[in-house]
A.B. asks: 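Handing you a structure now.
By convention here, the first residue in the shown sequence is residue 1. Model, not experiment: these values are computed from the prediction.
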Amino acid sequence: MAGDFDRSAAWRAEDLERDRSWVFSLEDRDRRQLAAAVKAAYDPDRDLLDYRREEFDLGPGLATVAAAAREAHFGRGVALVRGLPREALSEEEFRLLSWAIGLQLGVARPQGKATHYLSDVRAAGMNYRSAGGRGYNSDAGLDFHADTCDLVTLACYNKAKAGGQSMVTSSVSAWAALAAERPDLAEVARRPFHFSRNQEEAPDEAPFYPQPLFDFRDGRLFCKWNRNRVRTAQELEGVPPLTEAQRETADLLDAILRRPGLMFSMWLEPGDLQIMNNHVALHSRTAFEDFAEPERRRLLHRLWLAPPDSVPLPESWRVYFRSIEPGTVRGGFRGHHYDDTRRAFERRQAAALGMSTAIA
């Protein structure tokens, strides 16, 4: 069993309820500056990858967002910014604001088969449990999981008619519970499970990869979990069947993650920006019912980010992230359309932030 390690992100639900210092609010002047900066730069005929970070003077509100990102990255693993100027912006302008914030925080990572860098999280008829299913374009309740990046941001434009509640659990606290209650299964969780890439692998990648659920590096705990992708991996040739111990580990971990004392639930309101550190926090969502009117339907914008101040990852994360060195462009799904345009964007953005493009 691992020795002492950083427990900054080892919170319980009551801790987030009692101490709200992980919630940040924008002032009216901040909102006005953010809206003005986006409106000045917005061009409906321009691709997101063409925008440069220096084109957006986001004003003092950026310092608030950056402080929230630091809290997510090096504090509790989750932060919330309230008050993005949703009412002052069109849907496309709000989408650009999400992108502009990301340009200030890190290098955006591709998110799937289409090699897209910003996901519109909305119900689009996807079957979450299918071999190639993704949760972000379904209305289903999701398994607890970590995304394929260091930091993930979710900017809320519209909430659902009913449901769609966000849930977050500290994976550091989950590990503590697992290790205390079943140290034998905690050891199983430190050995590789196999995860499917859900048919989104790049040409030089296998359709699945091995990775432990928990590992350590330089006094930090790291977690990787996605029950759905472990399940679909079992359908792939070459993946060994789960052992009884692995099944028991998965069942207990999922139960721990949903314990009321550990799981924190929150409603994201229009104008909210949620930021999470995937290494120390796992997240989920309840199923939802949408509005009939297209303009009112649930919509959030998701970014996966590699920040310039990232920490070293365990060696066992290399296949999944392609780089484990700090300050590198890492993580994401390169998908099927990772071309010269996307490489050029990543190199340009990395250079602006002083980062290495080791995986580009």
Side-chain angles (χ1 to χ4, degrees), residues 22-27 30-39 41-42 48-49 51 53 55-56 58-59 61-73 77-112 116-124 134-137 142 147 149-160 164-168 266-278 281 283-285 288 290 295-307 332:
W22 58 278
V23 180
F24 299 76
S25 297
L26 293 166
E27 303 291 339
D30 301 334
R31 291 193 284 270
R32 288 193 295 269
Q33 177 65 39
L34 290 169
V38 168
K39 287 180 175 293
Y42 177 66
L48 286 178
L49 299 183
Y51 287 98
R53 67 194 302 268
E55 294 180 59
F56 298 92
L58 299 182
L62 177 59
T64 301
V65 174
R70 284 192 298 273
E71 174 64 26
H73 200 179
V78 59
L80 183 68
V81 179
R82 294 200 181 279
L84 294 183
R86 184 255 189 250
E87 297 301 327
L89 300 173
S90 68
E91 181 178 316
E92 287 303 312
E93 289 170 339
F94 189 82
R95 188 171 188 265
L96 180 60
L97 173 60
S98 303
W99 182 252
I101 289 171
L103 290 177
Q104 310 304 316
L105 298 181
V107 179
R109 308 308 304 127
Q111 297 187 36
H116 57 289
Y117 287 79
L118 190 150
S119 290
D120 295 334
V121 180
R122 66 170 98 217
R134 296 291 298 275
Y136 74 87
N137 49 17
L142 307 183
D147 290 341
C149 58
D150 293 297
L151 295 179
V152 56
T153 68
L154 274 174
C156 180
Y157 186 75
N158 283 338
K159 62 181 182 179
Q165 189 175 36
S166 174
M167 296 105 77
V168 185
M266 69 181 88
W267 293 103
L268 295 182
E269 299 292 335
D272 283 353
L273 177 70
Q274 184 187 61
I275 310 175
M276 288 177 288
N277 178 343
N278 284 294
H283 59 280
S284 179
R285 183 197 73 205
F288 64 88
D290 234 333
E295 69 277 6
R296 298 181 66 191
R297 294 173 69 85
R298 185 179 190 269
L299 174 62
L300 301 93
H301 300 298
R302 185 182 71 184
L303 274 175
W304 289 355
L305 295 170

A.B. asks: Do you know which two heavy atoms are closest between F288 and G164, and how far apart they sit?
C.D. replies: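 That would be CB-N, 3.3 Å.
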A.B. asks: Taking the side chain as everything from C-beta on, heavy atoms only, tell me whether Y157 gets closer than 4.5 Å to L300.
C.D. replies: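 Answer no - side chains too far apart.
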A.B. asks: I'd like to know if the side chain of N277 reaches the main chain of L151, judged simply by a donor and an acceptor atom lying under 3.5 Å from each other, with no hydrogens or angles considered.
C.D. replies: no
A.B. asks: How long is the span from the SG atom in C149 to the CE atom in M276, to the nearest 0.5 Å?
C.D. replies: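 It comes to 9.0 Å.
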A.B. asks: Shortest non-hydrogen contact from A41 to F56?
C.D. replies: CB-CE2, 3.5 Å
A.B. asks: Between Q104 and L58, is there a side-chain heavy-atom distance shorter than 4.5 Å?
C.D. replies: yes
A.B. asks: Please give me the minimum heavy-atom distance between E93 and A88, naming the atom from each residue.
C.D. replies: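 Result for this residue pair: OE1-O, 4.3 Å.
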A.B. asks: Checking K159 side chain against R297 main chain: does a donor-acceptor pair fall under 3.5 Å?
C.D. replies: no
A.B. asks: Do L299 and H301 have side chains that approach each other closer than 4.5 Å (heavy atoms only, starting at C-beta)?
C.D. replies: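 Heavy-atom side-chain distance check passes, below 4.5 Å.
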A.B. asks: Counting only pairs under 3.5 Å, give me each side-chain donor-acceptor contact of residues 95-102, with atom names and distances, residues two or more places apart or in other chains.
C.D. replies:
from: R95; atom 1: NE; to: D120; atom 2: OD1; distance (Å): 3.0
from: S98; atom 1: OG; to: F94; atom 2: O; distance (Å): 3.3
from: W99; atom 1: NE1; to: L48; atom 2: O; distance (Å): 3.0

A.B. asks: For the pair R122 and E91, find out whether any cationic side-chain nitrogen is under 4.0 Å from an anionic carboxylate oxygen.
C.D. replies: yes
A.B. asks: For the side-chain contact (heavy atoms from CB on, under 4.5 Å) test, which of L118, D150, V152 pairs with W304?
C.D. replies: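 The residue from L118, D150, V152 that satisfies side-chain contact (heavy atoms from CB on, under 4.5 Å) with W304 turns out to be V152.
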A.B. asks: Do E71 and F24 come close enough that some side-chain heavy atom pair is under 4.5 Å?
C.D. replies: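 They are in contact (side-chain heavy atoms under 4.5 Å apart), so the answer is yes.
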A.B. asks: Go through the side-chain N and O atoms of T153 and Q274 and say whether any donor and acceptor fall under 3.5 Å apart.
C.D. replies: no
A.B. asks: Please report the shortest heavy-atom distance between R109 and A306, naming the atom on each side.
C.D. replies: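 For R109 and A306, the tightest heavy-atom pair comes out as CD-CB, 3.8 Å.
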A.B. asks: Do the side chains of N158 and R86 get nearer than 4.5 Å, heavy atoms only?
C.D. replies: yes
A.B. asks: Are the side chains of P307 and H73 in contact, using a 4.5 Å heavy-atom criterion?
C.D. replies: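 Yes, side chains in contact.
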A.B. asks: Identify the heavy atoms of D30 and G61 that sit nearest to each other, and give their distance.
C.D. replies: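 That closest heavy-atom pairing would be OD1-N, 3.6 Å.
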A.B. asks: Within the distance-only criterion (no hydrogens, no angle test), does the side chain of E55 pair as donor or acceptor with the backbone N or O of V38 below 3.5 angstrom?
C.D. replies: no
A.B. asks: I'd like to know if the side chain of S284 and the backbone of L142 have a donor-acceptor N/O pair within less than 3.5 Å.
C.D. replies: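 Checked: pair present.
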A.B. asks: Supply the atom-to-atom distance I275 CD1 to L273 CG, rounded to the nearest 0.5 angstrom.
C.D. replies: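 Rounded to the nearest 0.5 Å, the CD1-CG separation comes to 4.5 Å.
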A.B. asks: With side chains defined as the heavy atoms from C-beta onward, is the minimum distance between V107 and L305 less than 4.5 Å?
C.D. replies: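 Answer no - side chains too far apart.
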A.B. asks: Roughly how far apart are R285 CZ and Q165 CD, rounded to 0.5 Å?
C.D. replies: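 Between atom CZ of R285 and atom CD of Q165 there are 12.0 Å.
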A.B. asks: Search all heavy atoms of S25 against all heavy atoms of T64 and return the closest pair with its distance.
C.D. replies: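 Residues S25 and T64, closest heavy atoms: O-CG2, 3.9 Å.
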A.B. asks: Report yes if the side chains of L80 and L268 come closer than 4.5 Å at any heavy-atom pair, otherwise no.
C.D. replies: yes
A.B. asks: To the nearest 0.5 Å, what is the distance between CG (D147) and CG (L303)?
C.D. replies: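 The distance works out to 11.5 Å.
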A.B. asks: Look at R82 together with D272 and state whether they make a salt bridge at an N to O cut-off of under 4.0 Å.
C.D. replies: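 Looking at R82 and D272, the cut-off is met.
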